[in-house]
Amino acid sequence: MTDTIVGRGASRGGALFRDWFQELSQASESGRQTAYVFVMGSLGEVLRAFDLLPVFPEINSLQTAVRRVAHDFLARAEDYGYSPDICGYVKADVAVQLSDGEHPMGRIPKPSLAIATNACNTYIKWAEIWERMHHCPVFTLDVPGSRSAGFDEPPGSPGFERDRRYVQRQIEELIGLCQSITGRELSLESLKKTLAHTNEMSRCWKEVIALNRCRPACFDALTEGTVYLGVLNAMRGTEQGATYFRELLEEMQYRAEHHLGTPHQEKYRLMFLGVPCYPLFRRFHEMFSEWGGSFVSSTYLWFAAAGMDAGFQYDLDRPLESLAEGVLLSLRRAMDSMFFPSEAILRVADEFSLDGVVFHPIKSCRTVSTGLADIRRDVMERCDLPSLTIESDMMDRRVVSEAQLKNRIDAFFEGLASRRLRAVGKE
Ligand code: SF4
């Protein structure tokens with residue numbers, strides 16, 4: 001059983017991903033209608049109900065970095081006139097668009113529609129690029145976020161109901177747009193099916209994340225977690241996605257029951273804040289795992305999952321109202337995990353028995369990175385937990401220094417080791 005179940009999520013996730021890129025290439029040839037979307041607020045359930053294939057340019061860009069060819073794409077966009085300063089995902093995508101969709105994993109189809117949300121400012125400007133290049137309609141979903149840390153307007157309160165209705169009207173507008181683009185009416189039965197699949201994925205994702213409380217942790221949030229996130233986004237609202245996450249949960253339950261953790265021995269339990277360093281993805285992780293550091297939790301698993309970590313369950317008896325409620329709650333949660341994560345970090349520190357927190361601001365992503373220094377100071381004032389700040393990028397190798405990262409990481413672990421020794425000495 002161990003041979004067949006352990007690692008199944010990672011290998012099947014990779015295979016599903018390759019199939020998905022195949023599907024994108026086929027769509028590019030056949031002219032199947034697609035929608036360009038973002039991971040935070042893809043509205044995949046609505047799109048799938050219209051048989052519009054979602055395309056995630058953020059994921060396409062990320063893949064160029066993992067495959068170590070991002071610099072070619074960044075250079076092409078910079079030659080075209082984009083500043084080295086802006087989000088690397090945007091530039092890699094611009095280069096893909098300029099190359100008629102050519103991508104290391106297939107050919108990216110052109111969009112019939114683009115959907116942006118206010119979860120990231122860059123989304124709005126990025127979607128304008130597609131509008132100019134492809135003359136496609138752009139739909140911007142404005143989701144009211146938390147007005148401050150600890151903002152509390154729960155479902156049922158007048159404020160929440162106002163925000164929910166605001167989101168629902170926008171979703172109804174999007175449905176009208178999808179109807180005019182595809183020439184078909186929305187089938188409520190199809191929508192309920194996609195919502196049911198997402199329910200299953202959310203339920204399992206919440207449980208998978210919670211299982212990492214065990215010792216050793218079942219999976220590494222940075223490496224394996226990124227594969228699971230990819231499937232969560234790309235397959236959202238599909239039967240394949242639901243089956244994958246049911247099986248992933250089964251794998252994690254097995255690993256927890258049999259104390260099967262990550263391949264390296266877990267000595268220090270860490271939380272990661274920010275976006276991973278994709279240009280050095282393996283090596284970056286090794287710099288921690290060589291010391292026995294395991295990432296048992298990460299805000300990336302929350303915001304890049306568009307808040308699906310909350311496990312929200314759509315009520316299929318009132319699909320539109322419930323979809324609006326789910327989008328509002330989940331996206332608000334995703335934004336909170338980028339802008340106001342202090343309370344959540346303190347909770348994870350306790351529940352997941354953390355030994356330290358790693359803050360990783362990156363040049364490209366100001367949305368996630370800007371507040372990290374303040375968040376670190378806030379958390380450190382409220383708990384006695386070692387922390388490390390290291391800077392790099394998720395795309396641009398020119399600003400990633402392996403030697404500097406290693407120095408900082410080694411010093412961090414030396415500090416953790418001596419802290420542990422001091423703690424033993426006091427017993
Ligand atoms: S700025 Fe950050 S959140 Fe926004 S598109 Fe770029 S990587 Fe994504």
Side-chain angles (χ1 to χ4, degrees), residues 35-43 54-66 70-71 73-74 77-78 82-97 108 111 114-131 133 138 140-143 145 222 225-226 229-230 232-234 272-281 284 298-309 330-341 359-373 375 391-400:
Y36 280 15
V37 295
F38 296 101
V39 295
M40 291 189 283
S42 70
L43 290 166
V55 179
F56 291 84
E58 285 163 300
I59 298 178
N60 303 340
S61 295
L62 176 170
Q63 286 295 330
T64 65
V66 171
H71 47 277
F73 289 81
L74 296 179
E78 286 171 18
Y82 283 88
S83 157
D85 265 358
I86 63 165
C87 172
Y89 281 179
V90 176
K91 283 185 292 182
D93 173 62
V94 164
V96 168
Q97 304 301 337
I108 308 302
I115 301 178
T117 70
N118 58 321
C120 166
N121 294 342
T122 302
Y123 285 177
I124 316 251
K125 303 312 286 179
W126 193 347
E128 286 173 5
I129 297 173
W130 300 326
E131 192 176 32
M133 281 183 162
V138 169
T140 304
L141 177 72
D142 179 29
V143 176
L222 207 61
T226 300
L229 268 179
L232 195 71
N233 283 305
F272 184 85
L273 269 89
V275 180
C277 172
Y278 286 117
L280 286 184
F281 193 45
F284 183 82
S298 166
T299 52
Y300 198 47
L301 302 186
W302 307 343
F303 64 78
M308 275 170 89
D309 56 294
S330 304
L331 263 194
R332 187 174 275 173
R333 184 180 177 91
M335 289 191 265
D336 284 352
S337 67
M338 295 187 290
F339 309 137
F340 308 121
F359 294 83
H360 182 231
I362 52 175
K363 181 199 76 166
S364 273
C365 180
R366 297 199 180 125
T367 303
V368 175
S369 307
T370 303
L372 285 184
I375 293 161
E391 291 171 292
S392 77
D393 197 52
M394 85 276 191
M395 290 292 286
D396 193 342
R397 291 187 64 161
R398 292 168 296 190
V399 295
V400 182

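Because only heavy atoms are used, hydrogens play no part in the values below, and waters and symmetry mates are left out as well, while side chains stay in. Atoms within a ligand are numbered from 1 in the order they appear, just like the ligands themselves.
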Proximal atoms of ligand 1 relative to Tyr123 (non-hydrogen, under 4.0 Å) = 5 (S)
remark   = For Glu58, the atoms of ligand 1 under 4.0 Å from one of its heavy atoms are 8 (Fe)
message = Other residues, nucleotides and ligands only: do more than 12 of their heavy atoms fall within 6.0 Å of CG on Asp142?
response = yes
ask   = Between Asn118 (side chain) and Val143 (backbone), is there a donor-acceptor pair under 3.5 Å?
value = yes
query = Hey, which atoms in ligand 1 end up nearer than 4.0 Å to a heavy atom of Met394?
reply = 7 (S)
message = Under a 4.0 angstrom heavy-atom cut-off, which atoms of ligand 1 come close to Tyr89?
response = 7 (S)
inquiry  = Quick check: closest heavy atoms across Leu222 and Phe281, and the distance to 0.1 Å?
reply    = O-CZ, 3.4 Å
task = Would you give the length of the straight line joining atom CE of Met308 to atom OG of Ser330, rounded to the nearest 0.5 angstrom?
result = 8.0 Å
ask   = Angle class for the Phe38/Tyr123 ring planes (parallel below 30°, perpendicular above 60°, tilted otherwise)?
value = parallel
key: Which atom of Ile115 lies closest to which atom of Ser42, heavy atoms considered   = CD1-O, 4.1 Å
ask   = For atom 4 (Fe) of ligand 1, what's the nearest protein heavy atom and its distance?
value = Cys120 SG, 2.3 Å
message = What protein heavy atom lies closest to atom 6 (Fe) of ligand 1? Include the residue and the distance to one decimal.
response = Cys87 SG, 2.4 Å
Close-contact set for ligand 1 against Cys365 heavy atoms, below 4.0 Å = 1 (S), 2 (Fe), 3 (S), 7 (S)
